[in-house]
Amino acid sequence: MTVFIKLFAGFRENRFKVAKREILENSTIADVLEQLGITEPELGVAMIDGRHVTVDQVLYTGVTVSLFPKVGGG
Amino acid sequence: MPDLLTWLKERAKDDLLLWADQLSAANRFKVSIREVEGIALENGLLPARYQRNRNMFCLDDQLKLYNSKVAVIGCGGLGGYIIEELARLGVGTIVAVDPDVFEEHNMNRQLLATPEFLGIKKVAAAARRVDRVNPAVELLPVGLAFGLENGKQVLEGCHVAADALDSISVRLELAEICQELNIPLVHGAIAGWYGYLMTQFPGERTLQKFFTHNSQESGLEKHLGNPSFTPAVVASLEVSEVCKVLLNQGTPMRRRCLSIDLLDMEFVEIEC
């Protein structure tokens, strides 16, 4: 199935801003992260169509996944 | 000899109290500059240093700022700018918390990190800076690491807490203590070109939700570090939030988080 992936801030480095991706049925956010080479500790927030979700959230065809990195400096 | 207030009123230009007169009043009447400021504001006189504030903040607002106590947790990249801006704004009492001393690698971005302050406690440098910038402001230095064991004592009586920490797990402790003490919390975090901003009122758990997973790990800042400008941007956004919360004005960044990307110059709101 097809999903759209939007990356934000440092996640764009050596990747992309927006991309259309083919993924397996019943894939989760965690699977997408793995495909992108992003580890879970690097993740700040994941959203599906603008809604905050956890990494075990299953994706549906056509959704937009937004991924924001974790930032903790001061 | 006239009393302090009569003297101040005689000296005032319209309703403005000049710095030289504020200083002389303190010397003449053996009171602190801070006390003179309080008496002036309570009686319709505006210290002239705030005259460019007055089209945004009325005299009552300025008095409210004077009577406010704000905790700044962390005196590094974010904290240095936050303290500077709060002092210039006229926030009367600032509690500054940080266990560290200045090191050479702080000087690329931390406002208070100058060669003369290397090896000096960050909170001591903050106190000296505030005394130079605005002597009417009291800075209460706490040279300890903030945490669950001392947090309640540190935040006692504060109206708002500004997060300038560099640890996600301590941020969550700060959020819990603010919750318990009913104190609004303004969160800021930075890494490289990027940052986040959010404001959380008692009863809300936006920050906790944001960091629900892997809160023990550090973020992007570990490999990106921080340049001179990102702390200044995010600190200023935090101070504008603190100011709005103190004065009950505008719309704070509440139940949402602002993602700041200075590399692509994108500001994205994340609904939380």
Side-chain angles (χ1 to χ4, degrees), chain A residues 3-21 23-24 26-74, chain B residues 73-80 82 98 109-110 162-171 187-196 206 209-226 230-231 234-235 238 256-257 259-264 266 268-272:
Chain A
V3 295
F4 298 90
I5 298 171
K6 275 185 167 176
L7 299 180
F8 291 88
F11 281 166
R12 291 176 176 175
E13 286 173 30
N14 301 317
R15 293 193 189 91
F16 53 86
K17 285 188 187 181
V18 190
K20 196 165 138 181
R21 287 281 169 112
I23 58 169
L24 296 173
N26 296 318
S27 289
T28 62
I29 294 279
D31 296 324
V32 171
L33 289 175
E34 201 183 330
Q35 244 192 53
L36 292 168
I38 295 172
T39 65
E40 275 189 42
E42 291 177 89
L43 178 70
V45 169
M47 297 199 302
I48 294 179
D49 294 338
R51 197 169 44 88
H52 194 159
V53 293
T54 54
V55 290
D56 51 11
Q57 178 68 48
V58 176
L59 306 180
Y60 301 95
T61 189
V63 296
T64 298
V65 177
S66 300
L67 300 172
F68 294 83
K70 188 164 66 177
V71 164
Chain B
I73 315 300
C75 298
L78 292 172
I82 292 173
D98 201 301
R109 67 192 186 285
Q110 300 190 11
D163 164 17
L165 286 157
D166 60 1
S167 151
I168 291 168
S169 56
V170 183
R171 280 191 168 91
H187 160 73
I190 48 171
W193 297 92
Y194 317 111
Y196 288 116
T206 325
K209 200 174 143 193
F210 204 82
F211 291 117
T212 36
H213 55 101
N214 55 61
S215 64
Q216 295 307 311
E217 314 268 348
S218 57
L220 209 56
E221 67 282 359
K222 195 108 184 182
H223 84 273
L224 288 181
N226 277 302
T230 313
V234 177
E238 286 191 73
R256 56 208 170 113
C257 176
S259 161
I260 298 144
D261 177 344
L262 300 177
L263 186 62
D264 290 329
E266 284 183 14
V268 178
E269 223 179 278
I270 307 168
E271 292 299 328
C272 295

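Chain naming here is simple, since letters A, B, ... match the order of the sequence lines and numbering starts at 1 in each. Basis for what follows: all heavy atoms, side chains included, without hydrogens, waters or symmetry-related copies.
- For chain A, the nearby part of Leu224(B) is the side chain; its heavy atoms alone come within less than 4.5 Å.
- Heavy atoms closer than 4.5 Å to chain A are found in the side chain of Asp261(B), but not in its backbone.
- Interface remark: Arg171(B) contributes side-chain atoms only to the contact with chain A (heavy atom separation under 4.5 Å).
- Contact count against chain A (heavy-atom pairs under 4.5 Å) is highest for Ile270(B) among Thr230(B), Ile270(B), Ile260(B), Leu263(B).
- Among all heavy-atom pairs drawn from Phe211(B) and Val71(A), the shortest one is CZ-O, 4.0 Å.
- When heavy atoms are compared at a cutoff of 4.5 Å, Leu165(B) approaches chain A solely by way of its backbone atoms N, CA, C and O.
- Closest of all the heavy-atom pairs between Ala189(B) and Gly72(A) is CB-CA, 4.2 Å.
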Enumerate donor-acceptor pairs with a distance under 3.5 Å from any side-chain N or O in residues 50-64 of chain A to protein atoms, sequence neighbours excluded.
unit_1	atom_1	unit_2	atom_2	d
Thr54(A)	OG1	Asp56(A)	OD1	2.5

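- In terms of non-hydrogen atom pairs under 4.5 Å with chain A, the most contact-rich of Ala235(B), Gly219(B), Ala191(B), Gly188(B) is Gly219(B).
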Under 3.5 Å, which donor-acceptor pairs link side chains of residues 3-13 of chain A to any protein atom two or more places apart or in another chain?
unit_1	atom_1	unit_2	atom_2	d
Arg12(A)	NE	Leu7(A)	O	2.7
Arg12(A)	NH1	Asp264(B)	OD2	2.7
Arg12(A)	NH1	Glu266(B)	OE1	3.4
Arg12(A)	NH1	Glu266(B)	OE2	3.3
Arg12(A)	NH2	Leu7(A)	O	3.4
Arg12(A)	NH2	Glu266(B)	OE1	2.8
Glu13(A)	OE2	Tyr194(B)	OH	3.1

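- If you take CG on Leu220(B) and CZ on Phe68(A), they are separated by 13.5 Å, rounding to the nearest 0.5 Å.
- No part of Val234(B) comes within reach of chain A, as not one of its non-hydrogen atoms sits under 4.5 angstrom from that chain.
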